[in-house]
Number of protein chains: 2
Amino acid sequence: MTPRPKPPVSRRERPAKAALSREGIVAAAVAVLRAEGLEKVTMRRLAQELDTGPASLYVYVANTAELHAAVLDELLGEVDLDTGGDGGGDGDGDWRDQLEGVLSSYKLILFAHPALARMAVSARPRGEHYLRLVERLIALQVEGGVPPERAAWGVDVLLLVATAVAAEKSTQWQSGDAESEWDALTRAVRELPASTHPYLHALGASVLGGSGTQRSSWGLRVVINGITNTPVPGDED
Amino acid sequence: MTPRPKPPVSRRERPAKAALSREGIVAAAVAVLRAEGLEKVTMRRLAQELDTGPASLYVYVANTAELHAAVLDELLGEVDLDTGGDGGGDGDGDWRDQLEGVLSSYKLILFAHPALARMAVSARPRGEHYLRLVERLIALQVEGGVPPERAAWGVDVLLLVATAVAAEKSTQWQSGDAESEWDALTRAVRELPASTHPYLHALGASVLGGSGTQRSSWGLRVVINGITNTPVPGDED
DNA sequence: ACCTGAACACCGTTCAAGT
DNA sequence: ACCTGAACACCGTTCAAGT
């Protein structure tokens, strides 16, 4: 709680006054992200971190949004593409489990960075690590028997759900008053008159985003099952 | 393109110097939202609109996030809960169509307000209009034969997808250079080597969020079909 | 080319002081 | 109680000027 001023991040990575470069800027951004969160990854703060003025960064980076996107792609390099399923070397675990595994690895990264997940929902990344992930997700589906075009549509929904779940859950734990907020919601929903809101009255606040992990993995399975059961306009399964 | 200063929104609704109130603040916020977008719905701007200082608003509203949430719930009052299906009076159109109809009405509102959709992904609303929508979505599922508890979990995923699709699509059209951005992405994906990215190479950029309406309604059907095919931990269908 | 100081046009939120 | 002026501590981005 003591708000004493923090020292600049990672003095070691910046020995003297290194020349500016896109890579350097992104690296500094990742460092600040890890240490203090995306809110602090601002042009002004980064400039300070790199011993220059904010204007200088605009030579290498178009704007803040582009910078944040680059940061996300950097982190996406850590997604484990070969997890899930039987985990053995011959790689024929159930493709659904593997799909879930990869997406869980993706979610884990976003869980650690709420604000990044939020960003990813609206501004779809397109960096190399992201494309690698997309390729893998399509491959797993096709190996599982999903027609390629449907798999291509499917990857959109899969990533959408995984990203949105991360964006949602993460902000839930973030605000300190999570406990009392939840109590308040529970009470409010339970007090809804059964006459106008029979289901909410009966089911209670558990409706609105309950127990985390279980629900979110159910959500992924819903999408996977949905994909295998829903032909796109061109195919008939 | 001429950036001449805009006059205050809706001079008529604010005849003299009305007393402050939560309702008044939210109403002013909605007016500014409609006229200039959520980015302009700031404490300072609203204070100016209401002829006072920003500090005064904090008597009625905890912070900017809470204000934005209230604005969203206000708009959600316009969701059409009885659309889709056969549209006739006896109301027994297919429940899936009705579900799609209601969610489309929800999406339409979010499409008009990109920034609001973005917000809704991470900070789930809990206002009265939102709860009405949730109740309706559960009811439609249960009428269609989905076990109540599963329907409760399902409504989460349905709203997640609808909201995220709106958040995503809307920001896509927003940036003026949408056309050239899209071309650039297409080229980049097509140029990926077939050796490392066989599927992306073959399928092209259409993978990453193609033709809008068709895809997003497919996404909703995927979730609906997924729900009917995926039992939750407690039930066996 | 690349880099920068300084400025423009904003933010959210708090707090002591007033009514 | 309710309201406010003024301040604190920030933002992104541009642009003319320098090297």
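Chain letters run A, B, ... following the sequence lines, proteins first and then strands; every chain starts at 1.
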Protein-nucleotide distance (Leu67(A), atom CG; dC11(D), atom C1'), rounded to Å: 14 Å

Distance, rounded to the nearest Å, where Leu38(A) contributes CG and dC11(D) contributes P: 13 Å

Sidechain N-carboxylate O distance under 4.0 Å for Arg22(B), Glu66(B): yes

Sidechain-backbone polar pair: Arg190(B) side chain, Ala202(B) backbone, donor-acceptor under 3.5 Å: yes

Side-chain heavy atoms of Gln48(A) within contact of Pro54(A), under 4.5 Å: no

Validation row: Val165(B), Leu220(B) side chains within 4.5 angstrom (heavy atoms): no

Stepwise side-chain contact (heavy atoms from CB on, under 4.5 Å) check, Leu81(B) with Tyr106(B): CA-CA 9 Å; Leu81(B) 299 180; Tyr106(B) 170 77; over 6 Å; no

Distance-minimising heavy-atom pair for Leu75(B) and His113(B): CD1-CD2, 3.4 Å

Gap separating the CG atom of Asp73(B) from the CG atom of Leu116(B), nearest 0.5 angstrom: 10.5 Å

Glu78(B) and Arg34(B) ion-paired at < 4.0 Å: yes

Euclidean distance, atom NE2 of residue His68(A) to atom C1' of dC11(D) [Å, nearest integer]: 12 Å

Contact pattern, 5' to 3', of nucleotides 12-19 of chain C - B, S or - by protein heavy atom under 4.0 Å: BBBB----

Phosphate OP1/OP2 of dT4(C) contacted by Ser56(A) side-chain N/O (<4.0 Å): yes

Between P of dA1(D) and OH of Tyr60(B), the distance in whole Å: 13 Å

Separation of dC11(C) C1' from Glu39(A) CD (nearest whole Å): 15 Å

Distance, C1' atom - from dC10(C) to dA9(D), rounded to whole angstrom: 14 Å

Stem segments of DNA chain D by first residue number [Watson-Crick or G-U, under 3.5 Å, at least 3]: C:4-8 with D:12-16, C:12-16 with D:4-8

Val41(A) backbone acceptor or donor facing His68(A) side chain under 3.5 Å: yes

Nucleotide dC3(D), atom C1' - distance to CG of Leu50(B) in whole Å: 13 Å

